[in-house]
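See below for the structure under consideration.
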Number of protein chains: 2
Amino acid sequence: MSGQIIDDRLNNIADNILFFFPFFYRKILKVPHTRPRVNPINMQYHVLSMLMIQGILPTSAIGGRLGISKPNVTSLVDRLIELGYAERRPDASDRRVINIAVTEKGRRFIANRKRQARNSIKRYLAVLQPAEIEDLAVALESFRKIISKIDNGKSGN
Amino acid sequence: MSGQIIDDRLNNIADNILFFFPFFYRKILKVPHTRPRVNPINMQYHVLSMLMIQGILPTSAIGGRLGISKPNVTSLVDRLIELGYAERRPDASDRRVINIAVTEKGRRFIANRKRQARNSIKRYLAVLQPAEIEDLAVALESFRKIISKIDNGKSGN
DNA sequence: TATAATTGTTATATTTATATAACAATTATT
DNA sequence: AATAATTGTTATATAAATATAACAATTATA
């Protein structure tokens with residue numbers, strides 16, 4: 001493949017990602033916004049799910065990956081701790097560092113939320129034919145494989 | 001395909017969507033949060049990009065699709081209008097209804113933001129081999145086709 | 001060892017996102 | 001025509017997201 005063709009393909013991929021991104025943003029992960037709050041919202045949720053994927057992480061690494069300031073991380077983590085979903089664990093080798101870990105309660109919460117989101121997605125897919133479901137499954141599988149590779153290659157930013 | 005197999009596939013699809021969703025959340029669409037802010041942030045941006053896709057929409061339809069309250073829509077739209085990206089147009093046939101439309105300036109803004117996001121995506125994909133790029137392009141194309149079908153089938157919620 | 005850099009928190013401030021309640025204007029229903 | 005429902009805004013309040021500045025504790029470097 002020539003460089004030009006590759007670039008066309010990259011543009012095509014980028015456009016497709018951008019196309020379906022808004023589609024999923026709220027439709028699937030939306031959670032009722034009640035008062036008083038009983039669920040972590042948006043950024044709090046992202047911090048939590050990142051911790052689920054990456055395991056325990058120092059405060060600064062969380063900020064680095066999400067591209068937010070340190071005080072912002074502190075406050076997000078504070079709220080997760082209030083909810084009982086995360087905890088601080090001072091690092092043994094570097095005493096400046098505080099690691100953040102998901103608690104068992106946090107794990108249960110995420111598992112539960114995932115179940116809900118899964119059902120929400122399934123409801124949306126209800127209109128599809130079996131052949132389309134098969135195509136979609138294959139497409140997403142290869143998408144995931146490739147994205148995983150990128151994510152392993154260069155995790156921080 | 002039996003019902004059980006289809007259900008397995010649906011679960012598989014849902015898991016894959018959930019897997020890569022957080023990956024893109026901030027990495028790609030992130031925009032620096034400056035003060036004073038000159039860009040619409042998050043929800044404001046979602047309202048704007050929804051208007052770009054759907055065209056002109058009544059206030060209540062925006063709230064319905066995003067699942068947010070009417071006063072919330074009013075305030076989001078207010079800010080988009082302040083930025084010059086949207087405008088209110090009273091409906092001719094029903095005088096209770098106010099339609100919201102993207103302005104030319106808003107269209108330019110979205111186009112520009114899209115260009116940036118596209119470049120950001122391309123940077124992330126830089127580690128891929130040509131064959132992987134091809135696979136990804138194909139996968140996303142079929143993904144998009146199927147998702148479009150769903151979105152046409154039942155748009156509101 | 002003295003100085004510099006890193007890590008995370010506090011204090012403070014601002015904007016964004018969000019809801020409920022109350023309301024006016026308009027349209028639909030009985 | 002009277003009543004009910006719909007649409008959108010105002011008023012009000014609160015939580016969430018975010019940053020900068022200042023700081024203390026610790027580790028790295030010169």
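Hydrogens, waters and symmetry mates are skipped; everything else that's a heavy atom, side chains included, is used. Below, read A as the first sequence line, B as the second, and so on, with proteins coming before strands; counting in each chain starts at 1.
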Expressed in angstrom and rounded to an integer, what is the separation of [X] atom [atom1] from [N] atom [atom2]?
X	N	atom1	atom2	answer
A:Leu48	D:dA17	CG	C1'	17 Å
B:Gln44	C:dA17	CD	C1'	9 Å
B:Ile68	C:dT16	CD1	P	15 Å
A:Asn72	D:dA15	CG	C1'	14 Å
B:His46	C:dT16	NE2	P	15 Å
A:Met43	C:dA17	CE	P	13 Å

With sequence neighbours excluded, tell me which residues meet side chain to side chain donor-acceptor pair (under 3.5 Å) with B:Asn99.
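Listed in chain order: B:Asp91.
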Which residues share a side chain to side chain contact (heavy atoms under 4.5 Å, CB included) with A:Thr59, sequence neighbours left out
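A:Thr59 satisfies side chain to side chain contact (heavy atoms under 4.5 Å, CB included) with A:Val73, A:Ile98, A:Ile100 once adjacent residues are dropped.
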Give me each pair satisfying salt bridge (charged side-chain N to carboxylate O under 4.0 Å, His left out) with a member in residues 94-105 of chain A, each pair once, sequence neighbours excluded.
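Salt bridge (charged side-chain N to carboxylate O under 4.0 Å, His left out) check on residues 94-105 of chain A returns A:Asp94-A:Arg96, A:Glu104-A:Arg107.
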By the salt bridge (charged side-chain N to carboxylate O under 4.0 Å, His left out) test, which pairs, at least two apart or in different chains, include something from residues 76-85 of chain A?
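Salt bridge (charged side-chain N to carboxylate O under 4.0 Å, His left out) check on residues 76-85 of chain A returns A:Asp78-A:Arg88.
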Of A:Leu76 and A:Ser93, the one whose closest DNA chain D nucleotide lies more 5'
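Nearest-nucleotide comparison on DNA chain D picks A:Leu76.
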Report the stems of DNA chain D as range-with-range entries sorted by first number; a stem here is at least three consecutive pairs, Watson-Crick or G-U wobble, both distances under 3.5 Å, and write none if there are none.
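If one scans DNA chain D for consecutive Watson-Crick or G-U pairs, the stems found are C:1-30 with D:1-30.
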About how many Å separate CG of B:Leu76 and NE2 of B:His46, when rounded to the nearest 0.5 Å?
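Going from the NE2 atom of B:His46 to the CG atom of B:Leu76 covers 11.0 Å.
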Quick check for you: to the nearest 0.5 Å, what is the distance between A:Tyr45 atom OH and A:Tyr85 atom OH?
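Interatomic distance, A:Tyr45 OH to A:Tyr85 OH, rounded to 0.5 Å: 11.0 Å.
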Across nucleotides 5-12 of chain C, 5' to 3', mark each nucleotide with B, S or - according to how protein heavy atoms within less than 4.0 Å reach it.
-BBBBBB-
Please report the closest heavy-atom contact between B:Ser142 and A:Ala139, naming both atoms and the distance.
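That closest heavy-atom pairing would be OG-CB, 3.3 Å.
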Same cluster (ILVMFWY, side-chain, under 4.5 Å), A:Phe143 and B:Val138:
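Each belongs to a different hydrophobic cluster.
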